Amino acid sequence: MKKIYLSLIFSILFINLSIANDIPEIPELNKDDVSVEMTNIIVKGIKTEIKLNFKNQEFRKRFEGYPVTIKINNKPVEVRVIKGTASFKYIFTEKQDFEIKISNYTYSKKVTPIPLWFSVIPPLIAILFALIFKEVFTALFIGILVGTATMFWYQDTALIPAIFKGMFAIVDTYIIESLTERGHMAIIVFSMLIGAMVNIITRNGVMKGVVNILSKYANSPRSGQFVTWLLGIAIFFDDYANTLVVGNTMRPVTDKLKISREKLAYIVDSTAAPITAIAFVTTWIGAELSYIQDGINTIGINESAYGIFLSSLGYAFYPIFALLFILILIRKQVDFGPMFNAEKRARLSDNINLDDDSNTFSNKLNELEVSEHIKAKWYNAAIPVFIVIFGTFAGLLYTGWDQSVWHDTSLSFSTKLSTVIGNSDSFKALLWSSISGVLVAILLTLVQKILNLKATIDSMINGFRTMLTAIVILVLAWSIALVTKHLHTAEFISQSLVSINIAPQFIPAVTFILGALVAFSTGSSWGTMAILYPLILPASWLIAQNTGLDHEASLAIFYNVVSAVLAGSVFGDHCSPISDTTILSSLASSCNHIEHVRTQLPYALTVGAVSVIIGTIPAAFGISSWILFPTGLFVLFLIVRFVGKSY
C-alpha cells in the first residue's frame, strides 16, 4: 500500500515538474514590447480592467495560452496570455503609485480614484438646476460638465485646465458617443419622421378633420381627456410610438377643449410606459424576459421566464394604479398641486397655445396657416397614423418571426406572439412604419392636389426642424446618462441599498425605491432594468431562503421583486426631467418640459406612495392582490376626493 502511495506522490511531482518545465522563461522586455491599456476614469471600490498588449513576437509565440506571473505593486499576480493580450481586474481603494512589473519592463502611474459617492452629484446637479431655474439645456450641460471636469481633476489636472478639458470632452466624447449609439439614432430619426408626418397632415388641413371627427366624441374637457387616455391604452406595444402619436394627434383636440398642455403631457406620459410595461405583447417584453431568465439560471429554480412575468403582474401596483388614477381624475374633473393651476389657467384662457419663450418644445404645428379652400378630410390623417401604428406591429412580427416558435404546439398563442415580439428589432419596426407614414401622407396630399410638391416637401423639412429642440435635449440627456455610467452611479445606489440588512418582506419595497432612484438619476427605465435585474433577483431569492422562508413564500417575494424593478423604473422615469420618454411627452404635447415635470411630479409621487404602502409591502407579507388592488384604488379615490379641487 505504501508503494502505491509513494508511486502516486512521485507521479504527481513528475507531472508538476513537467508542466513547470513546459512554461518557458520570460524573455527580456522593454517599453517597445509591452503597452498597458486602462481607463483614465477610475472609481474607488469599482473593478478596473487593465490590459497588457505584448508586441514582442518571440514572447507571443512562447506564452500563447500560458500563465504569466507579473507583479502589481510588488505583489505577484498570474495572468494568461490570449492572442498576445493578458487582462485582469484591479480595485483601487486609495491614492497610490500604481506599478506593474514584467521581466525588465516597469509601468507606473499615479492614480487618484474618484469617490464612488460622487457619482450621484452630476445627475443631481442637472435635476436641481432644471427644477430651480426651469431651463433644461443649461441644467443638463452643467451636470455633464461637473462630471467630466471632475474626471480630469482626479487625473492630476489643475482645476482650470480640468474644466476646459471637461468642456471639450462633452463634445468630442459624450455627445459623439451618444449620437453613434444605434438605438439613440433610431429614436432621433423616428422622432423626425413623426414630426414630418404630423407637419404635413397639419399643413394640408387634415388636423381640422381630426378635430372635427374626434370632437363628436371629445366635446368636453372630460371626454377629451378620456379619449386621450383611451388612445394611450390602445397603442400598448411601444412607448415611443405611443407618446409621439397620441400627443401629436390629440393636441389640436385638447387645445380646442381648453385642456392644458401640461395635462395632455401627463396623460400621454402616464399611459405610455405603464401600459407598455405590463402588456403581454410589447417591445419591452423581450428585454424583461431575458433579464428574468438570467435570474432564473443563476438561482436554479424550475420556472419559465414568461410564467414569472405573468405571475409578477399580480404585484404591478404602480403601472396599474398610474393608469387608473388618470381615470379617477377625469371622472371627478378635479386636480391638485401645480396641475390645478395649469388647468385653471387653460380653462380661463382664450388661447392656450404658448409662445416660444415659455414653451420649450413649441413646434409651431398649430401656428401653420391652412388655406380656406382646403377641405378637411379626417382619413388623410387616419390613414398615415394607422400605418404607423399597425406598421410598427407588423414590423415587430416580421423582424422577430421564428418558424420553429410559431409551429411549437406546446406553446399557447399568447406565448408564441410574446416570444416573437420579444425577439423583434423594435427600432427597425419603428423606422419602417414612420417612413411609410410620411410617404403615405405625402402621397395623399399630392394625389388630391391639396398642396403642390414644393409646399409638401417644405412641410416635411419644417417637420424635421420642429424636432431639433427635443433632439438636443435627448442628446444631452443621453450624454449625462453616459457620464453616470462611467462614474458607476447605479452601482453606488445599488450597493448602498443592498447592503442594508432587512427582512425579506421589505426587499420588494426597497427594490422599488432603488429602481426609482436609479431611473431618476440616469433617466432610463431600460438601463435601470438592465442594472438591477441581474443584481436584485438572485439576492432577493437568497435572502428569502436564508431567512427560512419556504419555497412558495420565497417565490411570492421573488414575483414581487420582479414587478418592483419594473414598477420602480417606470416611477423614477416619470419623476425625472432627464428621462427620454418624459422629454418626448413634452415634445409631442408641445408643452414646456420643466412645467410637465413639475405638474406630473405630485401625481407620480402620490401613486408611488400608495403603490408601496398599500400594495408592495402588504403583498410581501402575504395579503392577496385581490384585496390590495381595490384598497389602493379606494385610497387614491379618497385622495382625489378630499385633496382635488374643481375649476
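Just so you know, these numbers come straight off a predicted model, no measurement behind them.
Asp402 meets the salt bridge (charged side-chain N to carboxylate O under 4.0 Å, His left out) test with no other residue; sequence neighbours excluded. For Ser479, the side-chain contact (heavy atoms from CB on, under 4.5 Å) partners two or more places apart in sequence, or in a different chain, are Ile144, Tyr174, Ile175, Ser178, Val475. With sequence neighbours left out, the side-chain contact (heavy atoms from CB on, under 4.5 Å) criterion links Val334 to Lys332, Val640, Ser646. Applying the salt bridge (charged side-chain N to carboxylate O under 4.0 Å, His left out) rule to Asp335 yields the partners Lys263; only residues at least two apart in sequence or on another chain are considered. In terms of the side-chain contact (heavy atoms from CB on, under 4.5 Å) criterion, residue partners of Ala196 (sequence neighbours excluded) are, by chain and number, Val438, Met460, Phe464. With sequence neighbours left out, the ring-ring contact (aromatic ring centres under 6.0 Å, His included) criterion links Phe325 to Tyr603. Residues satisfying the ring-ring contact (aromatic ring centres under 6.0 Å, His included) criterion with Trp406, sequence neighbours excluded, are Trp401, Phe413. Scanning for side-chain contact (heavy atoms from CB on, under 4.5 Å) contacts around Leu431 gives Ala186, Val189, Phe190, with sequence neighbours left out. Looking at residues two or more places apart in sequence or on another chain, you find a side-chain hydrogen bond (donor to acceptor under 3.5 Å, both in side chains) between Thr445 and Asn204. Taking the side-chain hydrogen bond (donor to acceptor under 3.5 Å, both in side chains) definition, one finds that Glu177 meets it with nothing, sequence neighbours left out.
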**OP:** Go through the steps for Arg222 and Gln333 under the test side chain to side chain contact (heavy atoms under 4.5 Å, CB included), then give the verdict.
**Re:** CA-CA 7 Å; Arg222 175 184 288 174; Gln333 276 298 278; 3.6 Å; yes
**OP:** Show your working on side chain to side chain contact (heavy atoms under 4.5 Å, CB included) between Leu329 and Tyr266 and close with a plain yes or no.
**Re:** CA-CA 12 Å; Leu329 291 171; Tyr266 164 64; 4.0 Å; yes
Subject >> Full working for side chain to side chain contact (heavy atoms under 4.5 Å, CB included) between Ile188 and Met185 >> reply: CA-CA 5 Å; Ile188 289 172; Met185 279 306 301; 4.2 Å; yes
**OP:** Report the C-alpha separation of Met197 and Val440 in whole Å, then their side-chain angles, then the decisive distance to 0.1 Å, and conclude whether the side chain to side chain contact (heavy atoms under 4.5 Å, CB included) test is met.
**Re:** CA-CA 9 Å; Met197 184 189 77; Val440 168; over 6 Å; no
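By the 4.5 Å heavy-atom criterion applied to side chains, Ile330 and Trp229 are counted as neighbours. The shortest distance between side-chain heavy atoms of Phe571 and Phe520 does not fall below 4.5 Å. Contact annotation: the side chain of Trp478 never approaches that of Leu179 to less than 4.5 Å [non-hydrogen atoms, C-beta and beyond]. Here the side chains of Lys256 and Pro252 are not in contact, with every heavy-atom distance at 4.5 Å or above. The shortest distance between side-chain heavy atoms of Ile594 and Asn592 falls below 4.5 Å. With contacts defined as side-chain heavy-atom distances shorter than 4.5 Å, the pair Ile259/Glu343 qualifies. The closest side-chain heavy-atom distance from Arg345 to Glu262 is below 4.5 Å. Using a 4.5 Å heavy-atom threshold, the side chains of Pro577 and His593 count as touching.
We find the CG-CD1 distance between Leu439 and Ile200 to be 8.5 Å, quoted to the nearest 0.5 Å. Here the straight-line distance linking atom OG of Ser260 with atom CZ of Arg347 works out to 7.0 Å at 0.5 Å rounding. Note that NZ of Lys645 and CZ of Phe340 are 4.5 Å apart. Values are rounded to the nearest 0.5 Å. Distance CG/Leu601 to CG/Leu605: 4.5 Å, rounded to 0.5 Å. To the nearest 0.5 Å, the span separating CG on Leu636 from CD1 on Ile326 amounts to 11.5 Å. In this structure, CD in Gln600 is found 12.5 Å from CD in Glu595, a value given to the nearest 0.5 Å.
When atom types are taken as modelled, the side chain of Ser611 and the backbone of Val607 share a donor-acceptor pair closer than 3.5 angstrom. Judged by distance alone, the side chain of Ser576 and the main-chain N or O of Ile578 form a donor-acceptor pair under 3.5 Å. At least one donor-acceptor pair under 3.5 Å links the side chain of Gln448 to the backbone N or O of Leu444. Arg598 contributes no side-chain N or O that, together with a main-chain N or O of Pro338, makes up a donor-acceptor pair within less than 3.5 Å. With Thr228 contributing its side chain and Gly224 its backbone, the two residues share a donor-acceptor pair below 3.5 Å. Within the 3.5 Å criterion, the main-chain N or O of Ile170 finds no donor-acceptor partner in the side chain of Thr173. Between the side chain of Arg251 and the main chain of Ala588, a donor-acceptor pair closer than 3.5 Å is present. Asp269 contributes no side-chain N or O that, together with a main-chain N or O of Ser585, makes up a donor-acceptor pair within less than 3.5 Å.
Between Ser579 and Asp573, the side chains place a donor N or O and an acceptor N or O closer than 3.5 Å (distance only, hydrogens not considered). In the model, Ser220 has a side-chain atom that pairs as donor or acceptor with a side-chain atom of Ser223 under 3.5 Å. Looking at His574 and Tyr318, their side chains do bring a donor and an acceptor atom within 3.5 Å of each other. Defined by atom type and a distance below 3.5 Å, a donor-acceptor pair is missing between the side-chain atoms of Ser563 and Ser312.
When every heavy atom of Ser270 is checked against every heavy atom of Leu323, the shortest pair comes out as O-CD2, 3.6 Å. Taking both residues in full, the closest heavy atoms of Val388 and Ser434 are given as CG2-CA, 4.4 Å, listed atom of the first, atom of the second, then distance. When every heavy atom of Ala316 is checked against every heavy atom of Ile278, the shortest pair comes out as CB-CG2, 4.0 Å. In terms of heavy atoms, Leu566 sits closest to Ala277 at CD2-O, 3.3 Å. A pairwise comparison of heavy atoms in Ala272 and Thr243 identifies CB-OG1, 3.4 Å as the closest pair. Residues Gly232 and Ile275 share a closest heavy-atom pair of O-CG2, 3.7 Å.
The neighbour count for Lys485 NZ, taken as heavy atoms of other residues, nucleotides or ligands under 6.0 Å away, does not exceed 12.
Within the structure, every pair that satisfies the salt bridge (charged side-chain N to carboxylate O under 4.0 Å, His left out) test and touches residues 452-466, not counting sequence neighbours, is listed here: Lys454-Asp458. Legend: salt bridge (charged side-chain N to carboxylate O under 4.0 Å, His left out) pairs involving residues 179-194, not counting sequence neighbours, sorted by first then second residue: Arg182-Asp425.
The aromatic rings of Phe321 and Phe317 lie tilted to each other, with the angle between the two planes from 30° to 60°.
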